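So you know, we letter chains A, B, ... as the sequences are listed, proteins then strands, and number each from 1. From a predicted model like this one, the values you see are computed outputs, not experimental measurements.
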Amino acid sequence: MTQDSLGVRVVPVLVPMPAEAPYSYQVPPGMQVVPGSIVRVPLGPREVAGIVWDGEGGSVDARKLRPISEVFDCPPVTERMRRFVEWVAGYTLAAPGMVARMILRVPTAFDPEPDIDGLVLTNRHPDRMTPARTRVLSIVEEHGGDLAWTRSGLAHAAGVSMTVVDGLAAQGVFEKVQIPTRPVVAEPDPDYAAPTLSDGQAEAAEALRLRITDDAFSVSLIDGVTGSGKTEVYFEAIAAALKEGRQVLVLVPEIALTQAFLDRFHDRFGAKPAEWHSDLAPRMRERVWRQVAEGRVRVVAGARSALFLPFKELGLIVVDEEHDPAYKQEDRVFYNARDMAVVQGQLGGFPVVLASATPSVESRVNATSGRYGLVSLPARYAEAALPSIRAVDMRRAPPARGNFLSPVLIDAMRESVESGEQALLFLNRRGYAPLTLCRVCGHRFQCPQCSSWLVEHRFRGQLICHHCGHHEPKPDACPECGTLDHLVACGPGVERIAEEVDAAFPDARTIVLSSDMLGGTKRLRLELEAIAKGEADIVIGTQLVAKGHNFPNMTMVGVVDGDLGLANGDPRAAERTFQLLSQVTGRAGRTGKASRGLIQTYQPDHPVMRALVSGNSDAFYAQEIAERRRGHLPPFGRLAAIIVSGETKAEAETHARALRRAAPESDLIDILGPAEAPLALIAGRHRFRLLIQGERKADIQTYIRTLLATGPKSRGSLRVQVDIDPQSFL
DNA sequence: AGCACGCCGACT
DNA sequence: GTCGGCGTGCTC
């Protein structure tokens, strides 16, 4: 804290804009501020919320200084949160103000919720009774007599107008009291419904409980297949943290929390967790934020932005489905919420639990190297038998000409449908066909803006670019040679599979689920409910069927193209495919009935397929890890360079190919979205980067020189930052 | 990031 | 004659 020339106190304030450092503001005489105080300050033509920061304000022209307008009546941002903001800003190379903005993005939560005016019965009697007055008084008596009521609530309950209640209050029959605001959720009870755990689960739960009572920073990875009871196990860690009087954050990847998760939590703790995600109604958002800050909310389940809630006494973060790419934020401030959760744990000195049936390779490495604790759960045999998974070798059982479903798949579907059960077909491709070409001249329909193929959506009669959203009506004639009616669809999308299914099963009830479905989220939810109720026999879906929804009668899952995504040049291709297909095939087999997953593939010997079929992923992970030890990805060794390469992933891939050609033995490389490593010195325009790592800086410099000499000179997009270790916080 | 100012094209 | 596009520049 400093004083300006007139002796007025000046403090640094972090304002929500991309400045390098806090701005300085005067503290008007008589105003009390401490580091962490949330204040309203003038900023240019407007007023914004900012956070009083630590240390000295920078030197500014005294004439620029303006006074703080107001200190909000709100708990100050904790020391831990302030260090967290600085850490995230340093790591992601974002402006600290922009990180602070993520805490402050709750427009009106900084003022306390006003108490509600209530009425409570006195022992005075009304001058005379009327039927309406009798009703009011008997309603109050029925509820015990000493409860506080709101005017409108009481009038409504008694079925009378508010004037009746006002009349009684005027005679002193009621007196005014202040009702404190209602908590957004009831307090969870750690002893509400202690579960019966299997031996394996009990052992795992005990290991996590010990971490909690250690009261120190640690990271534990719970690795257990679908149905092994990970959730029950980390619930015990939550219970232990609650008993220690700490708050708990459960991070979940999806925007909307699945009802299933909330129900399970309620069953265990007798109350729901507070929810936090971007779709939350503004009023609820404020109340949750406020009550989290006050420590009234004990457990929050939320999307990645919940990491920036101002917890008063956070004592545990659980990251569910830790491998999920939805944890990456790739705009403004680029971060991976899973990693930042670990950072919070370290700064706050409390445990972090990562859970996944298919952990990310980096978490597996951290667990096997001992940096993270590993809690493995054996499969549970009893109620949730795993589906038997089989690879369908497409070379040996090919589909009929012009079709995409192998007879093996069709037979399995028929068996399920005929026995009154449901079948799910998974294909991660929207629309009818991913490529359209002219049979006469070979013209391929390409997006005019981003040069990817246009995907035919036959239902809508459009050709659509899935990259940028560009769309045009599908013409009858080739734009190149003008020939009519010779355009041909290449490859399958879900719409095309639906066509094939309709032909093979004309009587079955079929539903197609994809994110571009007409009718939006509401319709989707209805369809999911309908499916759960058994109102469909065959479901054909894209990625969104992989998530959380349970279909109790789904006994067969067919993956139409298991190889899709294995060969797209992404260094995480195998990992992602394994994770996605595990999840999809896991949709079957939660019923206790015998169930199966069939994966169509041309590479039945691929490590991913072997892992899926055997149910043992150790060899697969070992291979992935070995591959990366050969130099493909952090988190091994020190990340030595980030080469920024352009606006699109395609551009980054071009650079990567060039470098691979030029230096085939090099310690390459990954193409990463901005969340995965600090975004160097770079204006926000470059969104994808190559990472190069090596043992010695000299190696890196060689690679960079090679790339600069041979790589495409696309828009001068190569920039370099050296010497950042993304794991150095551990 | 947000917001104002500012300078050029089609319309109440 | 005005409304409105987004380029540039500034905010303690």
Side-chain angles (χ1 to χ4, degrees), chain A residues 1-72 76-77 81-82 84-86 88-110 278 282 285 289 304-305 307-310 328-335 340 449 468-469 647 673-675 678-687 715-716:
Chain A
M1 311 277 169
T2 56
Q3 314 242 302
D4 73 6
S5 52
L6 295 169
V8 181
R9 194 154 77 104
V10 173
V11 293
V13 176
L14 212 46
V15 285
M17 54 165 272
E20 281 308 309
Y23 277 8
S24 300
Y25 284 87
Q26 297 171 334
V27 184
M31 182 184 275
Q32 296 298 317
V33 296
V34 297
S37 294
I38 299 181
V39 292
R40 190 157 52 85
V41 290
L43 183 67
R46 67 210 159 109
E47 294 212 306
V48 296
I51 305 171
V52 175
W53 218 243
D54 317 71
E56 306 282 308
S59 57
V60 245
D61 185 343
R63 282 169 305 182
K64 280 188 167 182
L65 287 175
R66 298 166 80 183
I68 294 172
S69 310
E70 180 191 3
V71 189
F72 289 105
V77 174
M81 262 332 250
R82 299 202 300 278
F84 182 57
V85 167
E86 284 172 345
V88 172
Y91 182 65
T92 64
L93 295 161
M98 293 305 289
V99 182
R101 184 172 164 273
M102 299 198 284
I103 297 177
L104 297 171
R105 248 185 324 189
V106 194
T108 56
F110 313 131
S278 53
R285 223 180 150 69
W289 192 95
R304 57 173 187 255
S305 58
L307 211 49
F308 293 92
L309 283 169
K328 291 191 290 182
Q329 171 153 94
E330 307 217 348
D331 59 271
R332 296 185 177 92
V333 179
F334 311 111
Y335 68 94
M340 296 310 110
Q449 288 159 44
C468 67
E647 175 75 9
L679 176 60
L681 321 168
I682 293 141
R685 244 188 272 130
H686 306 292
R687 297 199 295 116
R715 296 187 246 156

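Residues A/Val11 and A/Ile68 meet the side-chain proximity criterion, which asks for heavy atoms closer than 4.5 Å. No side-chain heavy atom of A/Tyr23 sits under 4.5 Å from any side-chain heavy atom of A/Val13.
Every residue two or more places apart in sequence or in another chain that forms a ring pair (Phe, Tyr, Trp, His ring centres under 6.0 Å) with A/Phe84 is listed here: A/Phe308. Legend: residues meeting side chain to side chain donor-acceptor pair (under 3.5 Å) with A/Ser24, ordered by chain and number and at least two apart, are absent. In terms of the side-chain contact (heavy atoms from CB on, under 4.5 Å) criterion, A/Ala21 has no residue partners (sequence neighbours excluded). For A/Thr108, the side-chain contact (heavy atoms from CB on, under 4.5 Å) partners are A/Glu286, not counting sequence neighbours. Taking the side-chain contact (heavy atoms from CB on, under 4.5 Å) definition, one finds that A/Arg46 meets it with A/Leu43, A/Val48, sequence neighbours left out. In this structure A/Arg82 satisfies the side chain to side chain donor-acceptor pair (under 3.5 Å) test together with A/Asp54, A/Glu79, sequence neighbours excluded.
Contacts between chain A and DNA chain C, taken as any atom within less than 4.0 angstrom of a protein heavy atom, begin and end at C/dT11 to C/dC12.
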Per-pair distances, 0.1 Å, donor-acceptor, side chain in residues 34-42 of chain A, under 3.5 Å, sequence neighbours excluded:
unit_1  : atom_1 : unit_2  : atom_2 : d
A/Ser37 : OG     : A/Val34 : N      : 2.9
A/Ser37 : OG     : A/Val34 : O      : 2.9
A/Arg40 : NE     : A/Glu70 : OE1    : 2.7
A/Arg40 : NH1    : A/Glu47 : OE1    : 2.2
A/Arg40 : NH2    : A/Glu70 : OE1    : 2.9

Listing, residues 97-105 of chain A side-chain donor-acceptor contacts under 3.5 Å, not counting sequence neighbours, or none:
none

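Near DNA chain C, meaning a heavy atom under 4.0 Å from it, residues 15-22 of chain A has A/Met17 in order of number.
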Write out a two-atom table: protein N or O, nucleotide N or O from nucleotides 2-4 of chain B, distance below 3.5 Å.
unit_1 : atom_1 : unit_2   : atom_2 : d
B/dG2  : OP1    : A/Arg101 : NH2    : 3.4

